[in-house]
Structures are given as structure tokens and as C-alpha cells.
Amino acid sequence: MSETATRAPEKSGGIRELRKLFAGGGRQYGILGALVFIIVFFQIFTDGKTLDPINLINLINGNAYVLVLAIGMVMVIVAGHIDLSVGSVAAFVGIVVAQVMKGLSFPGLPEGMSSFLTVFIGIIVGLIIGALVGAWQGWWVAYVGVPAFIVTLAGMLLFRGANQFVGNSTSIPVPQEFKFIGGGFLNDFGPDFGFSNPTLILGALVVVAVIWQERRSRVAQRKMGADIAPLWVSIVRLVVVLAVVVGATLLFATGRVGTSFPIAGIILGVLVLGYSFLTNNTTIGRHIFAVGGNWRAAELSGVNIRKVNFFVMANMSVIAALAGMIWIARSAASGPGDGVGWELDAISAVFIGGAAVSGGIGTVAGSIIGGLVIAVLNNGLQLLSVGADRVQMIKGLVLLIAVGVDVYSKRQGRPSIIGLLTRKRGGELDVSPGAKPAGTQTPTPSAGGAEETVRPPDQQPRG
Amino acid sequence: MKKIVIATTAFAAIAALTLAGCASRAPESGTDSTAGASGFAADATIGVALPDKTSENWVLAGQLFTDGLTEAGFKPDVQYAPATGTVPEQQNQINSMVTNGAKVIIIGAKDGSQLSTQVEAANAAGATVIAYDRLILNTDAVDYYLAFDNFKVGELQGQALLDGLKAKFADKAAYNIELFSGSPDDNNAGVFFAGAMSVLQPKIDDGTLVVVSGQTAVAQTATQGWLAQNAQSRMDTLLAANYQGVELDGVLSPNDTLARAIIESVKSAGKPLPVVTGQDSEVESVKSIMAGEQYMTIYKDTRALVAQAIVMVQDLQKGNAPETNDTESYDNGVKVVPSYLLAPLVVTKDTAAEVYAGNTSLEPLTK
């Protein structure tokens, strides 16, 4: 092992180091590159309107519900299932929440308290209904064994009808106070620097967290004796990430007075962090990948497959409930046409984000990036006044090409476009054991055994 | 050493974050949107957000807006919502128009109750919002409403149905009819139906008209999404359930697309054609009327409506308040929206040539 560690850098030099910049997730960085390209493209062609603060806020508020759905959907797809019912479940929960809040009144209480209670009860009721719907669908999938495709196809009809039944096929408005979760902003406070202060604080928190995380991972790598990237790699990565964070913070902080980073965006951020942790660092999270990759093997290794399937399906409906509430908050009303086609938006985000159709592969962060690719594309084309017909054609092609490139590069035995590029530049180095892609090397007791334990990156479950 | 480098990076980042205090936030836009007090540039961007292309009228309106606004010297930004994800995409489109600096945004809403956040943002950015054909509900950010008088449309349809029945079945004393209404998420659908029922209900009560299925409530007669397929399948069901051995004499249909679907359903059931009402003067329905199938339609000249919308934009550009002729009827739940209403016209086989005179696409069909 020490031999590989010392020999590799002198043979491959900068390329190996460069790879460590994108430690682990080559596939994700390919689609991230596409996102950056699309943003730059539209920024140029819309005369800078794409990165206008108000446009960015619209982008987040207008797509938060799809991105939230994508978080649940990637777990469903990784586990080898599909959920077609999310749009209908979101619409059903939305209409029930709107009805409940419409019917609530607290005569004895002061105005503020009463509206707080109304909103609070509305959200709790929504989440509970989501959980019940999820338990229903999860039970059919996990314990009866009906394929998720069928269960959720039934759910799609069932809950669409339920939405129209509850709402009498009409739109029901939600109270003004409820709108904050879908279109609200943090209240500004403190002295006026010409920025939204809460957004600045939020940005500073993210900066600290990013630095702490980078440091922690270096410490952990050193402690485990893993192959540590040189310091300059860490610094470059930090600088790039921090530049993006600071840039975004400044943009979001300079919107119209009264705006800040949107609350829907904060909800989304918390969910992304939470579910990334769940899928990467917890037993149940890793079991999802195990079941999706090879359920027979997973079962033989003692994974409770039913539990995993039940969890994944139930969780999806709770997330759909949340998405439904974010949507009705943004729209200020719940209508009979809500949620139509959302399942397909979420599924495309997940696949553009690098998930495998056969299950076992996919990441929360990748799916969010995939969703953002579609969102930015949609927004940019709308800013350019491209008609909805052509926008749909373009979105269809992007989905096909993104997944096509992914499938093609996997067949090449490389994880991504970046993998392809670096392989060409690495040339003949591939023959030496030291030229295995960075990040896949695992410390093993004997030098001879290292060869067998290194799996090609595309077969590795990715977090 | 390493710690120092990391700390420096962090410090630099935070410093950049705090030091950039020179950049100031865009202030609340100063222009007073409600009266368009000061007007705006003669070549300003005008946003037109239309729903999905479910009827020929919307397709025509988009074309007329693009041409008319360009001719008047404005920069038109005309966008249709797609057929799927219609409401969210229409919201996004309105936001894009605000970002593009539109001074007036004309909105043909898909669902008038789900756009309040967006029109409020438009208002806050200084744009004037005109609800076109469909009222936007539950917000005070709608400045004007421009439409045909929809209650009148309903009344005309109801009256025409009665007249048609009397003319076609002169020997009968009572007529069997069925009722259809539009999509429940469209505010107009209820207004059409209420207008029609204001004429028909007294006749149902006195027994002149018999709704055999008994379905007379708006919810029962609704056609989700104004979709022809929904009307057709409901008609199929009604015929199978209620008209075995009973004759159907008339159908109240809120528009042409649904009227043709209903006629299609009756034909495939092998029944004689009833008197069917319509609205919108779609090309296919005008042909159908001339062929003696559909009984009537309503002509709401999209050209006149678009022309009026452009006149309103021009008034706003000069800083004048646009003309309105109804400041009482259209309450959107938060405020009464000042409205300009145009009068609709009834078209039957006998009057078609006269009404469509001068309309290049419809006039030839009447010859």
C-alpha cells in the first residue's frame, strides 16, 4: 500500500491531483459543469437577467416544490421503484390543508396567535395525511408485493379524484399567513447596509460550515491513513466553493427591499442536508442502495427489504405532502389541476442528476442539480420569450442527451465526461496500478490484494 | 501552516462578504402602478401571458397581440402556458415578464385564483396588471379587467336554446334537455352557467324544460379543464343512462369545443341531433352551424377585445387612466376590479353571414 501511495504522484503528477478536486463524484461534477454552462449561456444571452436577484428568487420559489419532490424521488429510484402518485398526493394534501385552514377559527385568541395556530395546525395535518398516504402505498409495495409502478399508478387516480372530491373541483384560497412557506422571506433586522441582513448571516453560516466540513474531512482522512489530497487542492476547492457561496449570498441579499433568500429555499436546503446525511451516513440510507443494487444479495446479508421499501415509499408521500403545501403557499390557493405532471418533472430531475434506471445509483445532491438544470433552462428560455411548445421540445432533448451521455460514459468504464477527458490526458498510465482513479483506493493489509478490491467507479454505490 | 492558510481563506471570504457594502439594493420601484400616473416609454416591453392553446381564440389572440403591440411601437413579450404544468409555468412566465421589465402585463389566467403572488410581485415592480377575459381573484394587485360580458353570454345562450327548441319542435309542449358547464377552475364558467340558468330555471320550474338526468348543479355539469373528451364521455353516459326510448331535444353547451364533442357523442349513439348551443365562433363550429348541426354560437370578436387591450396599454403609456364601463360587477374577493366589458353577439345559421361580415377567416365559411 505504501508503495502505491508513494509511486503514484511521481508518475501521474497534476492529473491525479486534479481528480482529487472532484473527489468521488465524477458523475455529479459532469452535470454540475452542464449547469454552470447553462447559467453562463443564459446570463450572456439575457443581458444579465438570469443572475438578477429577483430572477434567482423566482427561480427558487418557482421550482422549490419540484426540487423537494426530487429528494424523495431519488431515494425511490435508487431503491429500484418509481412513484407516479406524487403529483396527485401533493394536490390531495394541498386541498385538505386549504380546507382545514379555511374552516379553522379561534375566536377567543388575538389575531397573530390565531393565524399562527391556523398555519401550524394546517402544516401538521398536511404532514400527517402525507404519512398516512405513504403508509398506505408503502404497505401495498412492501408487504403485499404489488409493484410500486402499479400501486402509485392507482394512487395517481385515487388521490386526484380525492382532491376533486374534497375541493368540489374548485380552487380554495389559503390564508395570507400561510404564504410564507412558499413565497415568503426572512424579516430584515438590524442596521441597513444595503443588504438583506438575514441573508448575509445565512451566507456566513454556510461559509463557516463549508470550511469546517473540508477541515473535518482532511482530519478524518489523515486519521484513517487514507490518501490525502495535497493542501493546494483543498484550498482551490474551498476558494471555488466559497466564491460561489459568497457570490450567491450577495446576489440574494441585494434583491428588492423586503426580500431575502426565500424561505422555500431554506426548507429545501435543510431537506437536502438532512437527506444527504441520511442516504450517506445512516444504516437505513445505505440499505436503500443495497436493496436497489441487488436486492437478493442485500436480503442474504440481512437487510430487511420490506422495511426499506416501506420506508422509501412512505417517505416519498410525506415529501410530496410538503411539496404540495409549498405549492399552495406559493399559489395562494389549492386547485383541481395542481400536481399534474409533477411526477415526471421530479423523475427527469433525478435521471438528469445521474441516477440509474435500474436502481442502486443516485444522489440527493445530483438530483437537485438535475432539477436546477431544467429550472434554469426553463427560466432562461422564458426570459428569451421562447414559446412553451419549443421549451418543452428542448427540455425533452436535454433529458435524453443527459442520460445518453451518462450511459455512454458508463460503457466506457468511466464515471463522467470529466473522467473521459482525464483518461485521454492520462494516456498509458492506466496500465499501472497507481493510475486507478483517485478516491477509489482503499487501504488494504497487503499490497497484492489492492488490485482486486478496487472496483470501477461506476459500480460503486455513491452517496 | 495549513491552519493559517485555511483561516486566511475563510477570513478573505467573510471580508469580501461584508466589505461589498457599496452595492446597494434596488429600491422599491417608484412608479405608481394603480393609475399609471406618469406613463412610461413608448417602446416599453408589454407582457402578455396566455393560457394553454385549448381553443382557437387563444391562438388568434396571441397573434393579434404580437402584431398589434409591435405596430403600436411596443416590445411584445407574448407567452403561452404549456399544456402540462400549466399553472406553475404561467406563474414562471409572469415572473419572467417582470424580470424583463414589462410595464403592463396582460394576463389570460389559466386559474385566476392561483396567480395572486405573481401579480403582487408585478405590481410591486411597477407593472400594471390587466386581467384579460378571466378575472384574477383574491388580490388587490389587479388593476383592470377586460372581457366580454359573460353573464350576458350565458343569458344569450339560454334564450337561444329556448328559441331553437321552439323553432325546431313547434309541435312539442315540453322539451328534454341536458346542461353542461365549463371548467370549475375558470371563474367565467360559473358566470356563463348562472347567466344561462337565469333564463332556463323559470322554464324548468314551470315544466317547459325537463332535465331528464336531474343534473342541474354546477358541480354536476362541470367539464374539467374545458376538455372535449370530458364532455364527450359525460354525454355518452347521460345518453346511455337516460335516453333509451326518450328523445333528447336540446343541450346547453358553454362553448364550441364542447358543443362539437356533444354532437359527436349524440351521433355515435345514433340519436337525432338536438339543439346545441355554443360560444367562441370557432371555425369548425361555424362550419357545423352552416351544415345545420350545431344550432348557435356566440361571436366574441377577439379582434375587438385585443384592440381594446392595446388601447388600454396606450392610455397607460401616456399616463392616463384607461376607460372602464363597469366599476361594480366584478368583485374578485378583495376588491371590485374596474372593468371594460364588450357586448357579445348571437350567431345562428340565419345571421352568420351578417355577423361575420368583414372577418377574413369566418366570412368565407358563411357563403
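Letters A, B, ... mirror the listed sequences (proteins, then strands); counts begin at 1. The figures that follow rest on heavy atoms only: side chains count, while hydrogens, waters and symmetry mates do not.
Of the atoms belonging to Gln164(A), it is side-chain heavy atoms, and not backbone ones, that fall under 4.5 Å from chain B. Heavy atoms closer than 4.5 Å to chain A are found in the side chain of Glu120(B), but not in its backbone. Of the two parts of Asp345(A), neither the backbone nor the side chain holds a non-hydrogen atom closer than 4.5 Å to a non-hydrogen atom of chain B. With a threshold of 4.5 angstrom between heavy atoms, Asn55(A) approaches chain B through its backbone and through its side chain. For chain B, the nearby parts of Lys49(A) are the backbone and the side chain; heavy atoms of each come within less than 4.5 Å. Contact annotation for Ala222(B): neither backbone nor side-chain heavy atoms come within less than 4.5 Å of a heavy atom of chain A. Interface residue Lys53(B): only side-chain heavy atoms are found under 4.5 Å from chain A.
Per-residue heavy-atom pair counts under 4.5 Å with chain B were compared for Ala243(A), Gly337(A), Ala333(A), and the maximum is reached by Ala333(A). Looking only at heavy-atom pairs under 4.5 Å with chain A, the residue among Gly190(B), Gly333(B), Pro184(B) that has the most is Pro184(B). Most heavy-atom pairs under 4.5 Å with chain B: of the set Ala388(A), Ser334(A), Gly335(A), Ser331(A), this distinction falls to Ser331(A).
A donor-acceptor contact closer than 3.5 angstrom is absent between the side chains of Asp52(A) and Thr99(B). Inspection of the Gln382(A) and Asn95(B) side chains reveals no N or O donor paired with an N or O acceptor under 3.5 Å.
Inter-residue side-chain proximity for Ser385(A) and Met97(B) is flagged as unmet; no heavy-atom pair is nearer than 4.5 Å. Side-chain contact between Ser96(B) and Asn379(A) is present, with at least one heavy-atom pair separated by less than 4.5 Å. Contact annotation: the side chain of Leu383(A) approaches that of Asn100(B) to within less than 4.5 Å [non-hydrogen atoms, C-beta and beyond]. Inter-residue side-chain proximity for Gln79(B) and Val386(A) is flagged as unmet; no heavy-atom pair is nearer than 4.5 Å. Glu89(B) places a side-chain heavy atom less than 4.5 Å from the side chain of Asn378(A).
Surrounding CG of Asn187(A) are at most 12 heavy atoms belonging to other residues, nucleotides or ligands under 6.0 Å away.
Across every non-hydrogen atom of Ala332(A) and Thr117(B), the tightest pair is CB-OG1, 4.3 Å. Here the shortest heavy-atom pairing between Asn92(B) and Gly62(A) reads OD1-CA, 3.8 Å.
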Exercise. Kindly indicate, with the supporting measurements, whether the criterion side chain to side chain contact (heavy atoms under 4.5 Å, CB included) is fulfilled by Val87(B) and Trp327(A).
Key: CA-CA 11 Å; Val87(B) 177; Trp327(A) 162 258; 3.8 Å; yes

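The CG atom of Asp338(A) sits 8.0 Å away from the CG atom of Asp111(B) when rounded to the nearest 0.5 Å. Of the inter-residue distances, the one linking Asn58(A) atom CG with Gln91(B) atom CD reads 10.5 Å to the nearest 0.5 angstrom. For the atom pair CZ of Arg330(A) and OG of Ser116(B), the computed distance is 10.5 Å after rounding to the nearest 0.5 Å.
Not one N or O on the side chain of Ser171(A) forms a donor-acceptor pair closer than 3.5 Å with the backbone of Ser113(B).
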